Amino acid sequence: SIPTSAVSDADAEQLQKEQHARSVLRERFLRCVLSMTNKNVRFHMHERVKVEATFGASDIDVLNFQVSDLHTPIGVQKEALIRSQDVISFTFDI
Amino acid sequence: VSERSTTAPPFEQPGERRKAEMKKLYGKDAAKILAMETAMQLTFDRNCDLKQPKYWPVIPLKL
Amino acid sequence: MQCRWPLLGPLRWITYVNKHVKVKAGKDEVLWGWLLTVDPVSASLVLMDFKEDGGASVQVVMGHAVEEVQIQQEADEETTDRLQASFLPPKTCGLDP
């Protein structure tokens with residue numbers, strides 16, 4: 001049988017790998033979101049809704065996007081919050 | 001600073017719980033990620049205070 | 001069979017980084033791009049598409065909408081470098097005292 005200490009070492013190593021992967025992925029994502037500030041973003045939403053807006057910020061749980069000059073099918077909304085649950089994808093240029 | 005009875009359980013420092021969670025998730029990089037997230041959330045909160053954005057659409061597309 | 005994308009976890013997600021992927025999302029959206037990262041909080045993917053003029057378009061696919069992710073191709077060294085450099089903080093010029 002495997003000594004318990006070897007098992008816990010392997011677990012610890014696995015945990016560190018996972019933590020490292022998570023932090024690399026998260027940091028890149030956060031930098032990407034930060035780079036969107038003031039950029040024109042096109043949102044593809046459910047029910048085939050497509051809108052454009054100037055990106056402001058996102059909360060850290062990525063539940064809401066705060067945007068300005070949101071071009072909706074029925075006009076421009078100066079300031080808006082978009083629920084991430086309504087969004088399939090969004091696109092911007094760098 | 002605030003007075004509290006010695007029989008009450010010690011208050012959890014605000015942020016301490018989150019710090020511990022971050023440590024579990026991100027290990028030695030926890031402080032860096034926490035700092036980035038704090039800055040990002042601050043910007044979001046400040047913008048929302050300032051601009052008072054309303055949800056669009058008013059009713060969620062997907063419930 | 002692929003397990004539900006949001007449940008894969010960091011060690012599985014990171015194997016998709018620097019790969020050209022095809023993503024099915026929502027009911028009928030299909031997107032392609034070089035995968036830069038996966039947000040471990042929302043499972044959202046960041047895909048990049050480099051243009052000839054040096055710019056790039058970035059597509060973020062929300063984790064909850066992802067139906068399927070297929071790896072199509074590995075990045076060559078140049079593409080990997082471009083991906084890595086995409087959102088790094090701007091380097092200060094080498095003129096510091």
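On a predicted model such as this, the values are computed, not experimentally measured, just so you know. A note on names: the letters A, B, ... follow the listed sequences, proteins ahead of strands, and every chain is numbered from 1.
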**Q** Below 4.5 Å from any heavy atom of chain B, which atoms of A/I82 appear? Answer side chain, backbone, both or neither.
**A**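 For A/I82, heavy atoms of backbone and side chain both lie under 4.5 Å from chain B.
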
**Q** Less than 4.5 Å to any heavy atom of chain B: does that hold for the side chain of A/Q66, its backbone, both, or neither?
**A** both

**Q** I need the residue from B/N47, B/L25, B/L42, B/T43 with the largest number of non-hydrogen atom pairs under 4.5 Å to chain A.
**A** B/L25

**Q** With A/R26 as the cation and B/Y26 as the aromatic partner, state whether NZ or CZ is under 6.0 Å from the six-membered ring centre and within 45° of the axis.
**A** no

**Q** Using non-hydrogen atoms and a 4.5 Å limit, figure out which bit of A/Q77 sits close to chain B: side chain, backbone, both or neither.
**A** side chain

**Q** In terms of heavy-atom pairs under 4.5 Å with chain A, which of B/A39, B/C48, B/G27 leads?
**A**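 Most heavy-atom pairs within the cutoff with chain A belong to B/G27.
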
**Q** Which heavy-atom pair separates B/M40 from A/V33 by the least distance, and what is that distance?
**A** CE-CG1, 4.0 Å

**Q** Using atom types as modelled and distance alone, determine if a side-chain donor or acceptor of A/Q19 lies under 3.5 Å from a backbone N or O of B/K24.
**A** yes

**Q** Taking side chain as everything from C-beta outward and backbone as N, CA, C, O, which of these in B/K32 sits under 4.5 Å from a heavy atom of chain A? Side chain, backbone, both or neither.
**A**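 It is the side chain, since no backbone atom gets that close.
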
**Q** Of the backbone (N, CA, C, O) and the side chain (C-beta and beyond), which part of A/S68 lies under 4.5 Å from a heavy atom of chain B, both, or neither?
**A** side chain

**Q** More than 12 heavy atoms of other residues, nucleotides or ligands under 6.0 Å from CD of B/Q52: yes or no?
**A**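 Enclosed: over 12 neighbouring heavy atoms sit under 6.0 Å from CD of B/Q52.
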
**Q** How far does CZ of A/R83 sit from CG of B/L61, to the nearest 0.5 angstrom?
**A** 8.0 Å

**Q** Is it the case that atom NE2 in A/H46 sees more than 12 heavy atoms from other parts of the structure closer than 6.0 Å?
**A** yes

**Q** With only heavy atoms counted, which part of A/V24 is less than 4.5 Å from chain B, the side chain, the backbone, both or neither?
**A**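 Contact with chain B involves no heavy atom of A/V24 at all.
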
**Q** Mind running side-chain contact (heavy atoms from CB on, under 4.5 Å) on B/K28 and A/Q16 for me, showing each step along the way?
**A** CA-CA 9 Å; B/K28 61 180 175 55; A/Q16 271 185 19; over 6 Å; no

**Q** Nearest 0.5 angstrom please: A/I74 CD1 to B/W56 CH2, how far?
**A**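 Output value for this atom pair is 7.5 Å.
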
**Q** Check A/I60 against B/R18 and note the closest heavy-atom contact, atom names and distance.
**A** CD1-NH2, 3.3 Å

**Q** Are the side chain of A/D86 and the backbone of B/P60 linked by a donor-acceptor contact shorter than 3.5 Å?
**A** no

**Q** Find the distance between CG (B/D45) and CG (A/D59) and round it off to the nearest 0.5 Å.
**A** 8.5 Å

**Q** With a 4.0 Å cut-off on N to O distance, would you call A/E79 and B/K54 a salt bridge?
**A**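 Between B/K54 and A/E79 there is no salt bridge, as every charged N stays at least 4.0 Å from the carboxylate O atoms.
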
**Q** Taking every non-hydrogen pair under 4.5 Å, which of A/N64, A/D61, A/L15, A/V87 racks up the most with chain B?
**A** A/N64

